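Comments concern the structure below.
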2 protein chains.
Amino acid sequence: MDTHGHTKQRLLDTAIQLIWEQSYGAVSVDHICERAGAQKGSFYHFFPSKSELAVAALEAHWQQRQPEMDRIFTPETPPLERLARYCASVYRRQKAKRMEFGRVCGCAFTCLGLELSTQDEAVRHKSQQIIERICRYLETAVRDAAGAGLIARQDFPVMARELYRCIIGVLVQAKIENDLEVIRQLKPSIWRLIGAHPPVAR
Amino acid sequence: MDTHGHTKQRLLDTAIQLIWEQSYGAVSVDHICERAGAQKGSFYHFFPSKSELAVAALEAHWQQRQPEMDRIFTPETPPLERLARYCASVYRRQKAKRMEFGRVCGCAFTCLGLELSTQDEAVRHKSQQIIERICRYLETAVRDAAGAGLIARQDFPVMARELYRCIIGVLVQAKIENDLEVIRQLKPSIWRLIGAHPPVAR
DNA sequence: CACGCACTTGACCGTTCAGTCAACTCCGGT
DNA sequence: ACCGGAGTTGACTGAACGGTCAAGTGCGTG
């Protein structure tokens, strides 16, 4: 039972954790409350519905990740090195989660977004919004890479989305196969897509 | 209410349809029975549990698709043309589904696999199995392309999985953004990954 | 000290869930 | 004509679901 922090934050943290490990449909409000050490009335004091909790949890989860994204994608790092570090951080995060939970869990944004996007417009929209935020980091990196003459392509927004799809694909496959090794293929795939010289082995 | 065919097949068809459009967690056995025009007792006569229905529905859905896959990937078609036709068929299928349901639904195998893979080993395994079957078509195509001197890479199984991840990524993004246009990017991405000459515009 | 409000409590609601069951119908084989 | 088994029916179960509520508690402010 999570007892750190205030109730609302505990509910958000617990929700994203359980939904990430299981799924929106498999996690009940009762489960979340129990694991967060809160009562149901408190839950509905902070969130009008389970669905709105999901939206808030997505946003909260992103807020937790953003500092690391800023660190990885700092302009002080050479652009291709940023991408390489991001690939490494994806692997590291998935490995850490598997250590904690015992299974590969993939990307929480994508899993939740995919599960609910045909049923819940608010969740779909928040999920899309977070994708856009991630793409912005990628776009800046490839734009800087082109500026430095490291890559030839100039269609930066398209490229960024292409790279993000590649990351999604890797994380989906890693979760379905419950295997981290797929993630090692992320960097070479990205290098091929951007048309950079083949990466040196990590 | 679906009244064609025998009860078991109707249950399978209805199940995959509803799960594809919504999600495993959002679709109840009652819904499936109602839409299939069957009684609950009949459901549990054919399937021991909702989870085992999901596995059977994945397999049945694949069986329905296989003939088209065989047609697209026939060795009589030039290898890169096979890939191009597959990209086109992915777009066509998603467009048709959106026409019918009103939203982009993505890939049923992936959606169901992703939702349940941490909770239901049988579903995860079936989903993985179907991925492998699709990869086999892709692998033969790229092997033949290399044999014809159209591409340089020789790591065919790795390539096939790389291409499949690219397709997954596109379909996930198309569903989350509820937009078919992303799928148009599939072919150029695949061409970049295999290192073929840029495709002519479709 | 007293007021008000944010937050908490735990019982409660009606509905829906997956799954069960005994009785029944129908049909092919003998 | 009879039998047995596959398939069907619809009522049923107990648990779990999302959500509500009236009655509290406790704390910061005046």
Side-chain angles (χ1 to χ4, degrees), chain A residues 1-58 60 112 115-116 118-124 126, chain B residues 1-58 60 112 115-116 118-124 126:
Chain A
M1 179 173 113
D2 187 357
T3 55
H4 303 297
H6 286 46
T7 306
K8 184 172 183 180
Q9 192 60 47
R10 285 208 319 270
L11 285 168
L12 286 169
D13 293 344
T14 308
I16 201 72
Q17 184 199 339
L18 293 180
I19 292 171
W20 191 13
E21 291 167 358
Q22 302 176 44
S23 69
Y24 179 85
V27 173
S28 72
V29 174
D30 286 307
H31 289 140
I32 295 169
C33 291
E34 190 191 332
R35 285 280 291 266
Q39 297 291 337
K40 221 161 174 189
S42 293
F43 181 101
Y44 284 98
H45 172 74
F46 292 113
F47 307 103
S49 69
K50 186 188 177 189
S51 152
E52 298 222 24
L53 163 84
V55 175
L58 279 175
L112 185 48
E115 181 180 349
L116 295 186
T118 58
Q119 308 163 62
D120 190 308
E121 180 59 21
V123 170
R124 189 199 69 73
K126 177 55 74 179
Chain B
M1 178 173 112
D2 187 358
T3 55
H4 303 295
H6 286 45
T7 306
K8 185 173 182 178
Q9 192 60 46
R10 286 208 320 272
L11 286 168
L12 286 169
D13 292 344
T14 309
I16 200 72
Q17 185 198 339
L18 292 180
I19 291 172
W20 191 13
E21 291 167 357
Q22 301 176 46
S23 67
Y24 179 84
V27 173
S28 71
V29 174
D30 286 306
H31 289 141
I32 295 170
C33 290
E34 190 191 335
R35 285 280 292 266
Q39 298 292 336
K40 220 155 172 195
S42 293
F43 181 101
Y44 284 98
H45 172 72
F46 292 113
F47 308 102
S49 70
K50 187 188 176 190
S51 152
E52 298 223 23
L53 162 83
V55 175
L58 278 175
L112 185 48
E115 182 180 349
L116 295 187
T118 58
Q119 308 163 62
D120 190 308
E121 180 59 21
V123 171
R124 189 200 67 75
K126 177 55 75 179

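Side-chain atoms are counted along with the backbone in the values below, which use heavy atoms only and exclude waters and symmetry mates. Predicted model, so just to flag it, every value in this text is computed and none were measured. Letters A, B, ... are given to chains in the order of the sequence lines, protein chains preceding strands, and every chain is numbered from 1.
A sub-4.0 Å separation between OP1 or OP2 of D:dG19 and a side-chain N or O of A:Y44 is present. Dashed line: the shortest gap from a side-chain N or O of B:H45 to OP1 or OP2 of D:dT8 is not under 4.0 Å. One finds no side-chain N or O of B:S49 lying less than 4.0 angstrom from the OP1 or OP2 phosphate oxygen of C:dA18. A close approach under 4.0 Å does occur between a side-chain nitrogen or oxygen of B:Q39 and OP1 or OP2 of D:dG10.
Between the CZ atom of B:F47 and the P atom of D:dT8 there is a distance of 11 Å, rounded to whole Å. A straight line from NE2 of A:H6 to P of D:dG26 spans 15 Å, rounded to a whole angstrom. In this entry the distance linking CD of A:E34 with P of C:dT9 reads 14 Å, nearest Å. One interatomic measurement links the two molecules: CD1 of B:I32 to P of C:dT16, which rounds to 16 Å at whole-angstrom precision. Rounding to whole angstrom units, CZ of residue A:F46 and P of D:dG19 are separated by 17 Å. The nearest whole Å value for the distance from the NZ atom in B:K50 to the C1' atom in C:dA18 is 8 Å.
Within the 3.5 Å criterion, the main-chain N or O of B:A57 finds no donor-acceptor partner in the side chain of B:K126. Panel note: side chain B:T14, backbone B:R10; a donor-acceptor pair is recorded below 3.5 Å.
Taking both residues in full, the closest heavy atoms of A:E115 and B:S23 are given as O-CB, 3.7 Å, listed atom of the first, atom of the second, then distance.
A cation-pi contact links A:K50 to A:Y24, judged by a cut-off of 6.0 Å to the six-membered ring centre and 45° from its axis.
Distance from the side chain of B:K40 is smallest to D:dA11 among D:dT8, D:dA11, D:dG18.
Less than 4.0 Å separates DNA chain C from at least one heavy atom of each of the following residues of residues 17-31 of chain B: B:V27, B:S28, B:V29, B:D30, B:H31.
Between B:E21 and A:T118, the side chains place no donor N or O within less than 3.5 Å of an acceptor N or O (distance only, hydrogens not considered). Between the side chains of A:H31 and A:S28, a donor-acceptor pair is found at a separation under 3.5 Å. Side-chain contact of B:D13 with B:Q9: a donor-acceptor pair under 3.5 Å is present, judged by distance alone.
When heavy atoms are screened at a 4.0 angstrom cut-off, A:F43 is found touching no nucleic acid atom at all.
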